[in-house]
Number of protein chains: 2
Amino acid sequence: MKLSTRSRYAARAIIEIAKQRGEKPITRKVICESQQISSSYLENILIILKNQGIIKTIRGPKGGYSLAKDPADITMFDIVSVFEGSISAVHCVDDPTQCARYEKCPTKIVWEELMVAQQKVLKSFTIERLMEIDCKIPGLEYSI
Amino acid sequence: MKLSTRSRYAARAIIEIAKQRGEKPITRKVICESQQISSSYLENILIILKNQGIIKTIRGPKGGYSLAKDPADITMFDIVSVFEGSISAVHCVDDPTQCARYEKCPTKIVWEELMVAQQKVLKSFTIERLMEIDCKIPGLEYSI
DNA sequence: CCTATAGTCTACTTAATTGGTAGACTTATA
DNA sequence: TATAAGTCTACCAATTAAGTAGACTATAGG
């Protein structure tokens with residue numbers, strides 16, 4: 001049930017990007033330095049976010065990353081689900097044909113409710129909302 | 001965010017054990033056959049459940065597995081948390097000292113709410129409740 | 001046009017985890 | 001005392017996660 005570091009790094013990077021408030025793109029170097037994430041590793045993550053249409057990029061000097069849509073239209077669910085595949089805990093919840101006993105399986109009900117609860121929480125957090133929560137503490141960084 | 005097969009097998013095995021309703025222990029062989037789980041693999045899982053005081057065992061002929069407590073006192077949270085470690089998605093939610101920025105980290109709030117929501121769902125499902133939901137369909141089995 | 005900046009692509013490495021298996025050993029019933 | 005059961009130790013293979021390296025491409029600005 002652990003979230004991959006990819007999801008967590010993505011969340012932190014997106015917030016860093018959102019802080020620019022559309023003024024100018026932020027470079028990967030700056031994100032890495034403030035978030036203490038390896039640049040090459042973050043590259044993989046940002047490419048995926050770009051392909052998902054969550055962020056956009058500009059190459060060359062003065063280039064960098066910026067949000068592809070309004071912070072109010074990006075949720076934590078959008079970000080996390082890219083890296084965790086489906087967020088459902090069990091395959092059969094996504095694809096009931098996978099399990100012959102699906103219709104009457106007692107445990108299935110647990111996994112379904114779990115997924116619904118998770119989605120609800122993740123969808124409730126937009127980047128906009130997180131920006132309101134955010135506050136800068138220079139000199140401190142994440143350890144995970 | 002996927003649940004390991006250990007958790008899922010454990011849940012299914014526990015339900016199988018609970019079906020005996022304390023009459024006599026059920027052998028691993030019987031559980032495996034009805035649940036289509038490898039006996040050696042399930043052994044590892046059942047040992048862990050035993051060490052957690054969730055089930056108890058009797059060795060030798062007429063031996064097998066039975067619940068160590070009342071089905072109403074065993075929740076899905078008890079079972080899942082053994083195999084997933086903590087169910088929290090991120091370390092810092094368990095141990096805030098791990099992260100220097102914890103106090104004001106905007107993403108932390110998401111992971112915390114996620115954990116709370118998960119716990120709530122898992123704790124709401126007791127084995128007793130699942131037994132009421134359960135229904136037998138002989139000849140069919142789980143595919144996952 | 002050249003150069004420096006900054007993203008992109010491909011491919012690798014390493015370590016951990018997951019899922020699973022084998023076989024010797026212990027316990028206890030009949 | 002034979003046999004049915006759980007237990008312990010140790011291994012194996014496949015996958016995924018995390019991270020790295022280096023060549024390549026695009027573009028702003030002089």
Side-chain angles (χ1 to χ4, degrees), chain A residues 1-10 12-13 16-17 20 24-33 35-52 54-68 80 82-86 89-91 142-144, chain B residues 1-10 12-13 16-17 20 24-33 35-52 54-68 80 82-86 89-91 142-144:
Chain A
M1 298 283 281
K2 286 275 177 283
L3 229 46
S4 67
T5 61
R6 306 229 300 292
S7 291
R8 292 183 278 119
Y9 286 180
R12 283 157 52 189
E16 207 68 23
I17 293 166
Q20 299 303 107
K24 58 177 195 288
I26 184 174
T27 65
R28 199 163 69 231
K29 191 159 172 281
V30 172
I31 300 172
C32 292
E33 277 164 9
Q35 292 291 332
Q36 303 286 112
I37 302 172
S38 126
S39 180
S40 329
Y41 191 45
L42 187 60
E43 188 212 308
N44 304 323
I45 293 165
L46 292 175
I47 284 272
I48 292 167
L49 291 173
K50 180 197 168 189
N51 294 337
Q52 291 297 316
I54 295 169
I55 60 173
K56 59 188 175 189
T57 62
I58 298 173
R59 295 171 73 153
K62 308 270 177 186
Y65 303 87
S66 51
L67 296 187
V80 168
V82 179
F83 297 100
E84 311 299 318
S86 151
V90 172
H91 304 295
Y142 295 82
S143 69
I144 49 164
Chain B
M1 298 283 282
K2 286 275 178 284
L3 230 46
S4 67
T5 61
R6 306 229 300 291
S7 291
R8 291 183 279 120
Y9 286 180
R12 283 157 52 187
E16 208 66 24
I17 294 166
Q20 299 304 107
K24 56 176 196 290
I26 184 173
T27 66
R28 199 164 68 232
K29 192 158 172 281
V30 172
I31 300 172
C32 292
E33 280 166 6
Q35 292 291 332
Q36 303 287 112
I37 302 171
S38 125
S39 180
S40 328
Y41 191 46
L42 187 59
E43 188 213 310
N44 304 324
I45 293 165
L46 292 174
I47 283 269
I48 291 167
L49 291 173
K50 180 198 170 191
N51 293 338
Q52 291 296 315
I54 295 169
I55 60 173
K56 59 190 176 189
T57 61
I58 298 173
R59 295 169 73 152
K62 306 270 179 191
Y65 303 86
S66 51
L67 296 187
V80 168
V82 179
F83 297 100
E84 310 300 318
S86 150
V90 173
H91 304 296
Y142 295 80
S143 69
I144 51 162

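Here is the naming used below: chain letters follow the sequence lines, and residue numbers restart at 1 for every chain.
C/dT17 atom C1' lies 15 Å from atom CZ of B/Phe83, rounded to whole Å. For the pair A/Tyr41 OH and C/dT8 P, the interatomic distance rounds to 18 Å; values are reported in whole Å. In this structure, CD1 of A/Ile48 is placed 12 Å from P of D/dA18, rounded to the nearest angstrom. Rounded to an integer number of Å, the gap from B/Met1 CE to D/dA17 C1' is 17 Å. Across the protein-nucleic acid pair, A/Lys2 atom NZ and C/dT17 atom C1' stand 14 Å apart, rounded to whole Å. Across the protein-nucleic acid pair, A/Ile45 atom CD1 and D/dA18 atom C1' stand 9 Å apart, rounded to whole Å. In this structure, B/Arg8 atom CZ and C/dT18 atom C1' are separated by 11 Å, rounded to whole Å. One atom, CG of A/Leu42, and another, C1' of D/dA17, lie 16 Å apart when rounded to the nearest Å.
The minimum heavy-atom distance linking B/Gln35 with B/Arg12 is given by the pair O-NH2, 2.7 Å. The two atoms that bring B/Ile17 and B/Leu67 nearest to each other are CG2-N, 3.6 Å, heavy atoms only.
Of the charged side-chain nitrogens involved, at least one lies within less than 4.0 Å of a carboxylate oxygen, so that B/Lys29 and B/Glu33 count as a salt-bridged pair.
Contact check, A/Ser38 against D/dT20: a side-chain N or O comes under 4.0 Å of OP1 or OP2.
Closest to the side chain of B/Ser40, out of D/dT20, C/dA22, C/dG19, is C/dA22.
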Practice problem: Indicate for each nucleotide in nucleotides 5-11 of chain D, in 5' to 3' sequence, whether protein heavy atoms under 4.0 Å reach the base (B), only the sugar-phosphate (S), or nothing (-). | Solution: BBBB---
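Residues passing the side chain to side chain contact (heavy atoms under 4.5 Å, CB included) test with A/Lys24 are A/Gln20, sequence neighbours excluded. Partners of A/Ser66 according to the side chain to side chain contact (heavy atoms under 4.5 Å, CB included) rule, which considers only residues two or more places apart in sequence or in another chain, are A/Lys56.
A/Glu84 contributes a side-chain N or O that, together with a main-chain N or O of A/Ser4, makes up a donor-acceptor pair within less than 3.5 Å.
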